[in-house]
2 protein chains.
Amino acid sequence: MEKYYSKIKNSPLFCGITDAELEKMLKCFGGYVKKYEDGDMIIRQGEIISKIYLILDGEVNVEKETYWGRRIIIQKLYANNNIGLALVASKNIEANINAVCVGHALILILNYEKCSRMCQNACMHHGVLISNLFKIISKENIELIEKIENISQKTIRDKLLTYLSNESQKHKSNIFEIPFNRQDLADYLNIDRSAMSFELSKLKSEGYINYKKNKFVLKIEV
Amino acid sequence: MEKYYSKIKNSPLFCGITDAELEKMLKCFGGYVKKYEDGDMIIRQGEIISKIYLILDGEVNVEKETYWGRRIIIQKLYANNNIGLALVASKNIEANINAVCVGHALILILNYEKCSRMCQNACMHHGVLISNLFKIISKENIELIEKIENISQKTIRDKLLTYLSNESQKHKSNIFEIPFNRQDLADYLNIDRSAMSFELSKLKSEGYINYKKNKFVLKIEV
DNA sequence: ACATTTCTGTTGTAATTACAACATTAAGGA
DNA sequence: TCCTTAATGTTGTAATTACAACAGAAATGT
């Protein structure tokens, strides 16, 4: 557990909390670290979520399976993100998503019940924690709206250009790497992979973009 | 101002706060009520948002204009919802959406800076407020994910059935009213209005649904 | 009641997409 | 290195959609 302290204390979840306090709080919240492997389900659709899952290392896809069996990738989460945070606040709500591990991942798991209630121990910093949670979930909210923007475009071309433009802005550079392989990007943008590949080639041949594997260059401003 | 107290105190924003405290808090947060009319922009894309907008009465569309000039309706908000709440937590972030008034609306406006900082007055309930904000935005995130589910369906038919099924579940009844006219529903689901109308007729003639204006009956389980 | 405007439904056509099937390239293991 | 497998790119076709243009219904104002 101790070997993860440096990662944990750098998380926005514990922003504004000293090392000594952190140690106490982790005990108080029943915190422990769990390892996940590729394909492991961290959260399953239908479960009641009462814990906070903080990604210390690795990648997690937030997915959903449609009634007709297609996969939707809703979000891609990395280190310092929380998984299913919105679900813990609304008690007794069933998870409407799956959280699937991509590669290896380390997750810090905390008991939210204990986080949200004040306790007699030195944990007078619950207030800071809740405030941090609010900031984290706000950021997630903005990203969800951005995702809605991406997939709300009319054509495959517009979806790609909007997505790449948003990624470019996030990286503050017109050269950047995307976190998806082609199939996952297609599932994220809700389009057919092969049609997407075709459109990417076309955009490249027309000089709008360039790419090699996951490394992209956006040559125009959208 | 006083005449709105009953509406304000029933809002989830002030859940767990007594009447006497409420009055003090409203003063402390510089709270005031503003009236908006149909089409008024409450929040504009590009603005820096530093206030909390609580809908006391009326409807608000959260919209976005695409680079190519199409309108996307991201969310429909009602009384007791907050507008652009995620934006205030991330300071100095430009609003990525427009909030447009639909019909008449009453909005309570609070100074978030004052909400997020403790003060010397009787406002020891800032903690409760932040905790409420966390719950509110959590609910909003779950709804955004639901919206993503709706628009991620492959065909117009699947989008409609998923949307109607989700609405039906929300109303806990297979008979319900939807808050959109046809054009707005089309902009919400990112499909063409006329194509949507056509598909609705088809679903009706095939016996899957029934409707008259905004009143829908879902006859199958999706 | 009438005229006007807005909203909704219908239809044909051109454009776009999904899908399947296959080609090519990259990656990983023996 | 070669072999195997996975990822990506390419192409043709059938299905789906957007769009425009219009018809009918409902709402609104006078």
Side-chain angles (χ1 to χ4, degrees), chain A residues 37-39 59 61 66-73 102-104 150-164 177-206 208-216, chain B residues 37-39 59 61 66-73 102-104 150-164 177-206 208-216:
Chain A
E37 301 302 328
D38 193 68
E59 279 180 33
N61 280 347
T66 75
Y67 179 78
W68 293 270
R70 260 179 65 250
R71 178 182 73 151
I72 307 167
I73 295 185
V102 180
H104 309 281
N150 289 334
I151 64 175
S152 294
Q153 304 303 322
K154 213 176 40 191
T155 63
I156 291 180
R157 167 175 289 232
D158 293 353
K159 286 183 189 186
L160 284 169
L161 287 177
T162 304
Y163 170 73
L164 292 173
E177 268 190 52
I178 66 168
F180 295 118
N181 63 27
R182 296 292 185 272
Q183 182 61 63
D184 284 359
L185 180 58
D187 286 347
Y188 177 84
L189 294 175
N190 296 302
I191 49 184
D192 180 67
R193 183 198 57 77
S194 63
M196 186 187 76
S197 256
F198 180 70
E199 195 63 43
L200 280 173
S201 303
K202 220 163 92 184
L203 283 167
K204 187 195 265 183
S205 74
E206 291 173 20
Y208 293 119
I209 65 173
N210 203 351
Y211 59 88
K212 194 172 179 183
K213 281 197 64 190
N214 292 11
K215 203 160 191 169
F216 280 76
Chain B
E37 302 301 328
D38 193 68
E59 280 180 33
N61 280 348
T66 74
Y67 180 77
W68 294 269
R70 259 179 65 250
R71 178 182 73 151
I72 307 168
I73 294 184
V102 180
H104 309 281
N150 289 334
I151 65 176
S152 295
Q153 304 302 322
K154 211 176 40 191
T155 64
I156 292 180
R157 167 174 288 231
D158 293 352
K159 286 184 189 185
L160 284 169
L161 288 176
T162 304
Y163 170 74
L164 293 173
E177 267 189 53
I178 66 168
F180 294 118
N181 63 27
R182 296 292 185 271
Q183 183 62 63
D184 284 0
L185 180 58
D187 286 348
Y188 177 84
L189 295 176
N190 296 303
I191 49 183
D192 179 68
R193 182 198 57 75
S194 63
M196 184 187 77
S197 256
F198 180 71
E199 194 64 42
L200 280 173
S201 304
K202 219 163 93 182
L203 283 167
K204 188 197 262 184
S205 75
E206 291 174 20
Y208 293 119
I209 64 173
N210 204 353
Y211 59 87
K212 194 173 180 180
K213 283 197 62 190
N214 293 10
K215 202 159 191 169
F216 280 76

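Each chain gets a letter, A, B and so on, in the order the sequences are listed, and its residues count up from 1.
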Can you name the side-chain contact (heavy atoms from CB on, under 4.5 Å) partners of [X], sequence neighbours left out?
{"X": "Tyr211(A)", "value": "Arg182(A), Leu200(A), Ser201(A), Lys204(A), Ile209(A), Phe216(A)"}
{"X": "Ser194(B)", "value": "Asp192(B)"}
{"X": "Gln153(A)", "value": "Glu149(A), Asp158(A), Lys159(A), Thr162(A), Thr66(B), Trp68(B), Ile72(B)"}
{"X": "Glu177(A)", "value": "Lys215(A)"}

Would you give the length of the straight line joining atom [atom1] of [X] to atom [atom2] of [Y], rounded to the nearest 0.5 angstrom?
{"X": "Ile178(A)", "Y": "Tyr163(A)", "atom1": "CD1", "atom2": "OH", "value": "5.0 Å"}
{"X": "Leu189(B)", "Y": "Met196(B)", "atom1": "CG", "atom2": "CE", "value": "7.0 Å"}
{"X": "Asn61(B)", "Y": "Tyr188(B)", "atom1": "CG", "atom2": "OH", "value": "11.0 Å"}
{"X": "Leu164(A)", "Y": "Leu185(A)", "atom1": "CG", "atom2": "CG", "value": "7.5 Å"}
{"X": "Phe198(B)", "Y": "Ile156(B)", "atom1": "CZ", "atom2": "CD1", "value": "10.0 Å"}

_Residues forming a ring pair (Phe, Tyr, Trp, His ring centres under 6.0 Å) with Tyr208(B), sequence neighbours excluded_ = none

_The criterion is side chain to side chain donor-acceptor pair (under 3.5 Å); which residues satisfy it with Asn181(B), sequence neighbours excluded?_
none

*asked:* Over the length of the helix from dA1(C)-dT30(D) to dA30(C)-dT1(D), how much do the five-pair end axes diverge, rounded to 10 degrees?
replied: 50°

When we call it a touch if two heavy atoms are under 4.0 Å apart, what does [X] touch: a base, just sugar-phosphate, or nothing?
{"X": "Ser201(A)", "value": "sugar-phosphate"}
{"X": "Leu200(A)", "value": "nothing"}
{"X": "Asp158(A)", "value": "nothing"}

*Extract, from 5' to 3' on DNA chain C, the first and final nucleotides lying under 4.0 angstrom from some heavy atom of chain B.*
dT8(C) to dC19(C)

*Using salt bridge (charged side-chain N to carboxylate O under 4.0 Å, His left out) as the criterion, list what pairs up with Arg157(A), not counting sequence neighbours.*
Glu199(A), Glu206(A)

*Go through the structure and list residues passing salt bridge (charged side-chain N to carboxylate O under 4.0 Å, His left out) with Arg193(B), not counting sequence neighbours.*
none

_For atom OH of Tyr211(A) and atom C1' of dT8(D), their distance in whole Å_ = 9 Å

What are the atom names and distances for every N/O pair under 3.5 Å that joins the protein to nucleotides 5-7 of chain D?
none

*Indicate for each nucleotide in nucleotides 22-30 of chain D, in 5' to 3' sequence, whether protein heavy atoms under 4.0 Å reach the base (B), only the sugar-phosphate (S), or nothing (-).*
-----S---

